[in-house]
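Everything on this sheet refers to the single structure shown next.
When reading the values below, keep in mind they use all heavy atoms of this one structure, side chains included, and skip hydrogens, waters and symmetry mates. Quick note on labels: first sequence line is chain A, next is B, and so on, each numbered from 1.
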Amino acid sequence: MNIQRPRGTFDVLPDEAARWRFVERTARRVAALYGFGEIRTPVFESTELFVRGVGEATDIVSKEMYTFKDGSGRSLTLRPEGTAPVIRAYIENSLGRREKPARLYYIGPVFRYEKPQAGRYRQHHQFGVELIGAASAFADAEIIRMLMHFYGELGIRGAAPVLNSVGCRRCRPGYNAALGAYLLGKAGGLCADCRRRAETNPLRVFDCKQPGCAAVIAAAPRVRDHICAPCGEHFGELLSLLAEAGISFTVRPELVRGIDYYTRTAFEIVAGELGAQNAVGGGGRYDDLVEMLGGPPAPAVGFGTGIERVLMVMREQGVAEPAEGGVEVGVVVWDPAALADGRRAVRALRDAGVAAEMDAEGTSLRGQMRRLDRRGVPFALLIGDSERARGAGRLKEMRTGEEREISLDRVVEELMGRRGRPAGAPGAPAAGGAG
RNA sequence: GUGGAUGUAGCUCAGCUGGUUAGAGCACCUGGUUGUGGCCCAGGUGGCCGGGGGUUCGAAUCCCCUCAUCCACCCCA
């Protein structure tokens with residue numbers, strides 16, 4: 001039996017990698033547009049960081065982490081989400097002292113031990129941003145707008161934010177108590193999971209889709225009616241800022257996210273046709289996290305979006321990435337005596353920055369031409385006996401079939417003059433926007 | 001973690017209730033054109049039928065186990 005990739009992981013092959021590069025390139029461009037700088041943190045961290053940051057009672061921490069001990073017995077964990085590590089780095093490097101609100105973004109893998117399904121993997125990749133040290137509703141609005149902007153740049157249609165306010169450290173305990181009490185009073189109508197949740201983490205019942213629970217939940221007290229006046233104002237302001245920015249959203253009072261650190265704003269972006277995995281991104285405000293992790297108190301907001309989910313939506317919507325340049329010239333040699341001239345030509349082209357290749361495997365002339373054609377290589381440089389005797393080759397433009405003899409030591413010059421002419425040729429920087 | 005479906009060539013799939021050397025299309029290679037691609041034609045390479053065990057004279061086909069993928073739940077990105 002051959003060794004297989006671990007369950008819930010995948011290889012990105014060259015064709016598909018072009019789509020990944022497009023998404024990543026777009027993420028970086030949008031991040032720059034909003035003034036965010038990249039941060040790269042380790043893929044593993046002290047286990048304690050996630051236990052304290054994400055919350056011990058969450059699914060992520062209680063059953064989905066890849067935790068292991070290193071050689072000296074330290075407990076380490078492959079990061080299951082991106083925010084806690086960034087905040088750790090923010091505190092450790094005193095980033096709060098460098099720029100007032102810190103604007104950080106990251107792109108990288110996160111790991112969760114989940115049952116794999118389409119759009120759900122054990123290693124997936126996120127583009128995330130964190131705006132640390134900003135308390136205003138404008139900060140929330142900007143984060144959401146930035147995420148929507150990202151989807152727009154990718155050519156994704158129909159993505160829409162769903163949002164809610166989950167209150168803050170002052171008003172949430174009161175709400176939790178009220179909700180818990182209500183649920184315990186209706187325990188008979190709840191599923192086993194929800195009865196347990198009523199005591200451990202009442203907010204989670206809002207995730208339940210059991211019909212029996214739905215009725216109970218529909219009549220349950222809602223966060224919105226229990227949040228304090230400042231939280232209410234903050235949320236109201238956010239909604240009007242989104243409206244001002246022309247973003248259409250929906251408010252869903254049941255929205256609760258699976259990470260404990262959220263305060264006030266919590267949101268998800270759903271994009272239709274993904275089946276059960278329809279959230280392409282999400283995020284919210286976490287005003288207490290920096291302090292919880294030992295840093296100076298700093299309110300913050302951020303989002304995370306899944307690259308795999310984004311790619312799924314793009315595929316379903318038929319959004320293509322712009323073409324990237326491939327090989328520009330194929331040097332074609334079929335007589336072994338010409339191989340040295342071919343090698344020289346390929347070397348000269350590459351040294352001049354022109355992507356070139358040559359088949360030295362003895363493939364027939366016809367076979368080589370056929371391959372260049374199928375791969376869409378725009379030029380062929382054929383070096384045969386008669387030309388070689390004159391120190392020349394035949395440069396052929398595949399698209400038109402036009403072909404003429406040129407001196408081998410003028411090949412680079414000739415190519416430089418003609419590159420960029422055929423569609424999709426490299427050197428012509430891809431304009432933004434997808435087809 | 002619970003329930004269900006599927007796994008045959010690089011890709012998409014056919015192979016009925018078990019019966020001789022396991023097929024097609026696409027892709028790939030060679031030739032039809034001593035030195036030229038796209039169309040067409042001919043030929044070819046490539047599978048221990050996901051893996052293991054069992055039933056049988058005989059298993060891709062039936063049974064069990066296992067691994068993987070997919071769907072719903074759950075959770076989320």
Using whole Å, what does the distance between atom [atom2] of nucleotide [N] and atom [atom1] of [X] come to?
| X | N | atom1 | atom2 | result |
| --- | --- | --- | --- | --- |
| A:W334 | B:U30 | CH2 | P | 15 Å |
| A:I383 | B:U36 | CD1 | P | 17 Å |
| A:E114 | B:U2 | CD | P | 15 Å |
| A:L395 | B:G37 | CG | P | 17 Å |
| A:R79 | B:A77 | CZ | P | 14 Å |
| A:R394 | B:U36 | CZ | C1' | 10 Å |
| A:D11 | B:C11 | CG | P | 13 Å |
| A:L365 | B:G37 | CG | P | 7 Å |

Pick base, sugar-phosphate or nothing for [X], based on heavy-atom distances below 4.0 Å to the nucleic acid.
| X | value |
| --- | --- |
| A:E361 | nothing |
| A:G82 | nothing |
| A:E268 | nothing |
| A:L372 | nothing |
| A:D385 | base |
| A:K63 | nothing |

The residue among A:Y34, A:F127, A:F150, A:Y105 that forms ring-ring contact (aromatic ring centres under 6.0 Å, His included) with A:F303 is A:F127
* To do: Verify the distance criterion only: is there a donor paired with an acceptor across the side chains of A:T41 and A:R79 at less than 3.5 Å?
  => yes
Exercise. Can you say whether the rings of A:Y262 and A:Y286 are parallel (under 30°), tilted (30 to 60°) or perpendicular (over 60°)?
Worked result: perpendicular
5'-most contact on RNA chain B (nearest-nucleotide basis), A:R122 vs A:G401, goes to A:G401
Closest to the 5' end of RNA chain B, once A:P6 and A:D373 are matched to their nearest nucleotides, is A:D373
When you check the phosphate oxygens OP1 and OP2 of [N], does a side-chain N or O of [X] lie under 4.0 Å from one of them?
| X | N | result |
| --- | --- | --- |
| A:R112 | B:C76 | no |
| A:S386 | B:G35 | no |
| A:Q117 | B:A72 | yes |
| A:T305 | B:A77 | no |

Report task. Give a yes/no verdict on a cation-pi contact between A:R40 and A:Y106, requiring under 6.0 Å between NZ or CZ and the six-membered ring centre and an angle within 45° of the axis. Result -> no
Any donor-acceptor pair under 3.5 Å joining the side chain of A:R371 to the base of B:C28? no
Report task. Could you measure between the two C1' atoms, the one in B:G58 and the one in B:C75, and give it in whole Å? Result -> 49 Å
